[in-house]
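Below is one structure; the comments refer to it alone.
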Amino acid sequence: MVAPLDGIRVIDWTHVLAGPACAYYLGLLGAEVIKVERPGRGDAMRHRGGTDKARAAEGMSTAYMTQGAGKQSLALDLSSAAGRDVFHRLLKTADVLVENHRPDTLARLGLTEDATRAVNPRLIHCAMTGYGRGNDMAGAPAYDLNIQAISGLMALTGTEETGPLRTGAPIVDYATGLAAALATTSALMQREKTGAGSFVDVSMLETAFSLMTSTITDYHLTGNAPRPRGNAANSRSPSSGVFACAEGKISLGVNEEAQFCALASALNRPNWLTDPRFADPVTRDVHKADLGQAISDILCTRSAHEWERILMAAGVPCARLRSLPEALDLPPATQRDFARRGAAGFCGLPFSMTHAPDLAETLAPQRLGSGTQDLLYGLGYDETEIQTFVVQGVIGLT
């Protein structure tokens with residue numbers, strides 16, 4: 001069985017979430033991934049993130065482990081000339097370099113995209129930054145929280161009463177990782193046709209914008225700036241949104257006429273179809289407050305669990321509000337096994353494919369520098385040279 005990226009070597013010179021996630025996704029597609037970290041401390045995410053403080057204290061936080069499987073760890077000091085020489089030798093063997101450092105850091109280390117591709121003209125250099133290249137904010141630092149704030153995404157979340165809220169998960173980080181993986185695989189396909197490497201410029205801000213594409217289009221075409229709408233549906237249908245039940249809450253996605261007919265039938269309110277307030281989409285919108293209250297009054301008579309069963313049986317798009325543990329017990333989660341089908345039993349990609357690589361035996365998340373010695377042997381260094389590097393602090397061994 002040949003994986004899509006079988007035979008591709010990826011150098012993962014990244015930190016925190018978006019960059020490591022991109023390299024992890026490429027590994028799930030069959031690439032060999034080598035994570036380059038500074039000796040001593042490594043990726044800062046090893047020591048923070050998640051709720052397990054003991055693991056974080058040992059440099060193996062759950063946030064790090066999330067996208068750490070399937071990678072070899074090379075502890076290498078790129079601030080030293082000898083370390084950069086090792087890195088150059090490694091780049092010559094690579095197909096892809098994934099990094100998420102600011103341009104001034106790359107310039108200081110002599111590892112700009114021009115420099116890395118001079119070392120290896122076939123290299124795909126994938127750079128992830130907060131704001132992309134070629135603009136006045138190209139060098140500004142950014143985390144997921146900053147991008148949610150600056151992009152307008154946070155201003156859309158919550159209500160007028162709560163004010164802006166960030167999403168509960170770092171969605172911009174992981175969306176950027178997916179975007180970068182898509183861009184990198186596209187660049188590899190392009191290289192098959194041209195024989196030349198390329199520079200891939202991935203922007204966290206543009207990724208956040210891509211998550212709001214329809215909202216941006218509406219603003220451009222109408223001039224109407226979006227406002228926070230809480231749990232109301234994006235469709236703006238008065239029969240869609242999140243409603244309280246006798247116990248729990250349920251979301252309704254009733255946007256089409258057939259769906260509204262199904263809802264009226266399931267709620268035992270056939271008169272809604274002839275009621276002049278609710279008989280067609282236009283009048284329903286005019287009387288949306290009345291319709292919303294009518295739906296709420298009925299849903300409050302049963303639990304969300306009961307209504308979900310009734311409404312789904314009637315073909316009404318709906319889902320009751322669940323916690324993450326409950327969601328992971330859903331048939332699509334357990335039968336497709338997303339949470340465990342990735343490398344070494346961690347989370348996988350959000351799709352499946354024929355002839356997917358078997359990831360069961362891939363490397364579990366590694367301690368800092370665990371692969372350093374073997375990787376240097378593979379690059380042609382001998383024992384004496386390796387020990388000299390250790391003494392000079394150029395590398396770290398576990």
Side-chain angles (χ1 to χ4, degrees), residues 10 12-28 33-76 98-101 128 141-149 154 157 165-178 180-181 204 321-330 332-334 336-350 359-372 396-398:
V10 174
D12 172 9
W13 180 35
T14 68
H15 55 109
V16 192
L17 290 182
C22 170
Y24 177 68
Y25 298 144
L26 297 175
L28 296 185
V33 182
I34 300 169
K35 183 170 178 63
V36 177
E37 306 175 72
R38 55 178 173 167
R41 183 167 175 80
D43 186 338
M45 214 63 197
R46 284 182 175 273
H47 309 279
R48 68 172 191 261
T51 61
D52 193 325
K53 294 183 179 180
R55 282 192 169 93
E58 295 176 356
M60 295 294 285
S61 78
T62 58
Y64 172 80
M65 293 173 71
T66 298
Q67 53 271 326
K71 303 178 182 182
Q72 304 169 71
S73 175
L74 171 61
L76 182 65
V98 178
E99 54 88 4
N100 57 347
H101 299 275
M128 282 167 278
Y143 288 101
D144 177 281
L145 177 66
N146 308 130
I147 299 298
Q148 288 197 38
M154 191 182 296
T157 309
L165 296 172
R166 76 167 183 88
T167 60
I171 61 170
V172 175
D173 270 335
Y174 286 112
T176 301
L178 285 168
M204 292 178 71
L321 186 69
R322 285 171 167 81
S323 66
L324 178 60
E326 288 178 301
L328 292 175
D329 279 338
L330 287 167
T334 58
R336 289 172 60 88
D337 204 27
F338 166 82
R340 290 184 172 82
R341 73 166 178 251
F346 285 82
C347 291
L349 287 163
L359 301 169
E361 301 302 320
T362 48
L363 285 172
Q366 297 293 293
R367 293 197 175 276
L368 177 62
S370 63
T372 299
L397 303 179
T398 298

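All heavy atoms count here, side chains included; hydrogens, waters and symmetry mates do not.
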Original post:
For V16 and R48, what are the C-alpha separation, side-chain angles and deciding distance, and is it a side chain to side chain contact (heavy atoms under 4.5 Å, CB included)?
Top reply: CA-CA 9 Å; V16 192; R48 68 172 191 261; 3.9 Å; yes

Original post:
So R46 and M60, side chain to side chain contact (heavy atoms under 4.5 Å, CB included) or not? Walk me through it.
Top reply: CA-CA 5 Å; R46 284 182 175 273; M60 295 294 285; 3.3 Å; yes

Original post:
Given L26 and V98, is the side chain to side chain contact (heavy atoms under 4.5 Å, CB included) satisfied, shown in steps?
Top reply: CA-CA 10 Å; L26 297 175; V98 178; 4.1 Å; yes

Original post:
Which is it for L363 and K71 under the side chain to side chain contact (heavy atoms under 4.5 Å, CB included) test, yes or no, and what are the steps along the way?
Top reply: CA-CA 6 Å; L363 285 172; K71 303 178 182 182; over 6 Å; no

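Here the straight-line distance linking atom CD1 of I147 with atom CG of D173 works out to 9.0 Å at 0.5 Å rounding. To the nearest 0.5 Å, atom NZ of residue K53 and atom OG1 of residue T51 are 10.0 Å apart. To the nearest 0.5 Å, the span separating CG on L28 from CD on Q67 amounts to 11.0 Å. Residue L17 holds its CG atom at 9.5 Å from CG of N100, rounded to the nearest 0.5 Å.
Within a 6.0 Å radius of CZ in R322, other residues, nucleotides and ligands contribute more than 12 heavy atoms. The number of heavy-atom neighbours closer than 6.0 Å to CZ of R341, taken from other residues, nucleotides and ligands shown, is above 12.
You'll find the side chain of R55 stays beyond 4.5 Å of the side chain of Y64, heavy atoms only.
Judged by distance alone, the side chain of E37 and the main-chain N or O of D43 form a donor-acceptor pair under 3.5 Å. Between the side chain of H15 and the backbone N or O of A44 there is no donor-acceptor pair closer than 3.5 Å. Within the 3.5 Å criterion, the main-chain N or O of A75 finds a donor-acceptor partner in the side chain of T372. A donor-acceptor pair under 3.5 Å is formed between the side chain of S61 and the backbone N or O of M45. Not one N or O on the side chain of S73 forms a donor-acceptor pair closer than 3.5 Å with the backbone of G371. Of the possible donor and acceptor atoms, one in the side chain of N146 sits under 3.5 Å from a partner among the backbone N and O of Y143. Proximity of a side-chain donor or acceptor of D12 to a complementary backbone N or O of V36 within less than 3.5 Å is not detected. Distance alone, capped at 3.5 Å, places no donor-acceptor pair between the E361 side chain and the L359 backbone. Looking only at distances, a side-chain donor or acceptor of R367 sits under 3.5 Å from a matching main-chain atom of E58. Side-chain atoms of K35 come within 3.5 Å of backbone N or O of T14 as a donor-acceptor pair.
Residues T176 and V172 share a closest heavy-atom pair of OG1-O, 2.7 Å. Nearest heavy atom pair, residue D144 against residue P170, reads OD2-C, 3.1 Å. Residues G50 and A63 share a closest heavy-atom pair of N-CB, 4.3 Å. A pairwise comparison of heavy atoms in Y24 and A343 identifies OH-N, 3.3 Å as the closest pair. Closest approach of F346 to A69, counting heavy atoms only: CD1-CB, 4.0 Å.
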